[in-house]
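Just follow the structure's listing: the first ligand is 1, and inside any ligand the first atom is 1.
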Amino acid sequence: MISIAFLTTPGVMGPLVDPLQDELPGVTLTSWPQPEAREADIAVCWKPPAGALAAMPNLKLIHSIAAGVDNILCDPTVPDHPVCRIVDPDLTAGMTEFVLWGTLYFHRDFDRVIGNARESIWRRYEQRAPFETRVGILGLGALGSDAATRLVDLGFTVSAWSRSPKSLPGVTVFSGEDALDPFLAEVDVLVSLLPLTPSTIGILNAERLARLPKGAALILCSRGEHLVADDLVALLRQGHLRGAILDVFEREPLPSDHPLWREPGVLVTPHMATIATPRVIAQQIAENVRRMQRGAPLLNQVDRIRGY
Ligand code: NDP
Ligand code: OXD
């Protein structure tokens, strides 16, 4: 019988227990650092302790409970087993909702109106048509493509940046590092949906953010490590950038005394852009366990070389 070990931060494992037992009757579930966890065949991970996966001699499959796998691959000792992630229509729909909300927050001036309301200021801003707002999406994968398509449906002018050339109806796609600066130069609302890899860490730094037109805004939904937060704050204070919605941070939860909570123009959200349900996570893990057992190709396996 198959055995699964949870290598996660506290609180993550509990809600997965019942759905996994329903999906895989008879499965043995353990949790790191229990001694039995070392003997498990499958590791279910979110931020596994460094070195732990390398210490599991029977390990055959490493499964992220999230779309991102940076929390696993950041450990150079991770053994060379398949690593799979979560891709799900409802997870995608949740991210698209967040991106649409964030785009409208700036496009319809809610950032300004909410600030004005706190000071009882009645002020209307000139309404713009959606095509007048250029939304640029960094990353055109499972999440970025859906958000881009829905923004096109609403009439926004949409561009995107990916590593390899791509084509998506209504979206102007830029690809490769050389295309990043020209892409940024034409963006009013920049949405980050990149995976965190050695090529994308710190990508939103002073030099890149300064390429955005004056008055542009940022929606950071990817990972905190993509952003050099001090550079963002400097550009906000200089008036080059208008505002930012930050959903992800280098340190989470963001400490209550962190200055970003109080930085004018910054709205902090608690890594909630989208979240897969325990039922969906369990179904996808179980499906991959069954595939592994019968030697079938796994779903949503990441490319260890690319890092996503
Ligand atoms: P995918 O792997 O499906 O897509 C990644 C996209 O990024 C691809 O288009 C890829 O290009 C592009 N990309 C990767 N590296 C580069 C690079 N160096 N230069 C240019 N483009 C690059 O990922 P998902 O869409 O599923 O998820 C994206 C990220 O969203 C996750 O990794 C995670 O960090 C974050 N996330 C955040 C959540 C939240 O609640 N805040 C929830 C879920 C995910 P190409 O197409 O050419 O391969
Ligand atoms: C994810 C996340 O990667 O929640 O799924 O950030």
Side-chain angles (χ1 to χ4, degrees), residues 8-9 11-12 16 44-47 63-74 83-99 101-102 136-150 159-168 171 173-184 190-204 208 218-227 244-250 252-254 267-278 280-281 284-285 299-308:
T8 59
T9 49
V12 170
L16 287 171
V44 167
C45 301
W46 173 255
K47 302 188 179 172
H63 216 298
S64 172
I65 60 156
V69 291
D70 50 289
N71 70 92
I72 298 168
L73 298 183
C74 59
V83 177
C84 297
R85 70 191 191 104
I86 303 296
V87 178
D88 170 63
D90 290 339
L91 182 79
T92 301
M95 182 59 82
T96 296
E97 286 172 5
F98 190 89
V99 171
W101 161 76
I137 303 187
L138 291 165
L140 202 50
L143 302 178
S145 315
D146 191 69
T149 300
R150 298 294 297 275
S159 60
W161 184 67
S162 59
R163 202 174 51 88
S164 53
K166 291 227 147 32
S167 139
L168 195 62
V171 180
V173 183
F174 296 72
S175 54
E177 206 171 327
D178 291 349
L180 181 54
D181 285 350
F183 160 79
L184 292 171
L190 179 69
V191 180
S192 178
L193 282 171
L194 287 168
L196 184 66
T197 69
S199 321
T200 63
I201 192 163
I203 194 165
L204 297 172
R208 296 299 194 187
L218 170 68
I219 304 175
L220 183 75
C221 301
S222 48
R223 287 291 180 262
E225 291 84 346
H226 285 131
L227 176 68
I245 297 171
L246 304 181
D247 186 55
V248 283
F249 303 88
E250 277 185 56
E252 296 183 0
L254 187 68
L267 178 61
V268 169
T269 57
H271 198 147
M272 48 138 311
T274 192
I275 300 169
T277 63
V280 162
I281 295 170
Q284 297 203 358
I285 293 169
L299 296 178
N300 308 316
Q301 184 172 346
V302 303
D303 179 330
R304 295 278 298 260
I305 307 292
R306 285 188 326 190
Y308 67 96

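A heavy-atom distance below 4.5 Å is not found between the side chains of S164 and S175. Within the 4.5 Å cutoff, the side chain of L227 has heavy atoms near those of the L218 side chain. In this structure, the side chains of I281 and V44 stay at 4.5 Å or more apart for every pair of heavy atoms. T197 has its side chain out of reach of D70: every pair of non-hydrogen atoms, C-beta onward, lies at least 4.5 Å apart. Looking only at side-chain heavy atoms (C-beta outward), F98 and T269 come within less than 4.5 Å of each other. Between L299 and Q284, every side-chain heavy-atom pair lies at or beyond the 4.5 Å cut-off. Contact check for I86 versus H63: side-chain heavy atoms found under the 4.5 Å cut-off.
Partners of L180 according to the side chain to side chain contact (heavy atoms under 4.5 Å, CB included) rule, which considers only residues two or more places apart in sequence or in another chain, are L138, W161, F183, L184, I203, R208. Residues satisfying the side chain to side chain contact (heavy atoms under 4.5 Å, CB included) test with D90, not counting sequence neighbours, are D88.
Contact shell of ligand 1 (protein heavy atoms, cutoff 4.0 Å): A67, G68, R85, M95, G139, L140, G141, A142, L143, W161, S162, R163, S164, K166, L193, L194, P195, S199, T200, C221, S222, R223, D247, V248, H271, A273, T274, R306, Y308. Protein neighbours of ligand 2 below 4.0 Å, counting non-hydrogen atoms: A66, A67, G68, R223, H271.
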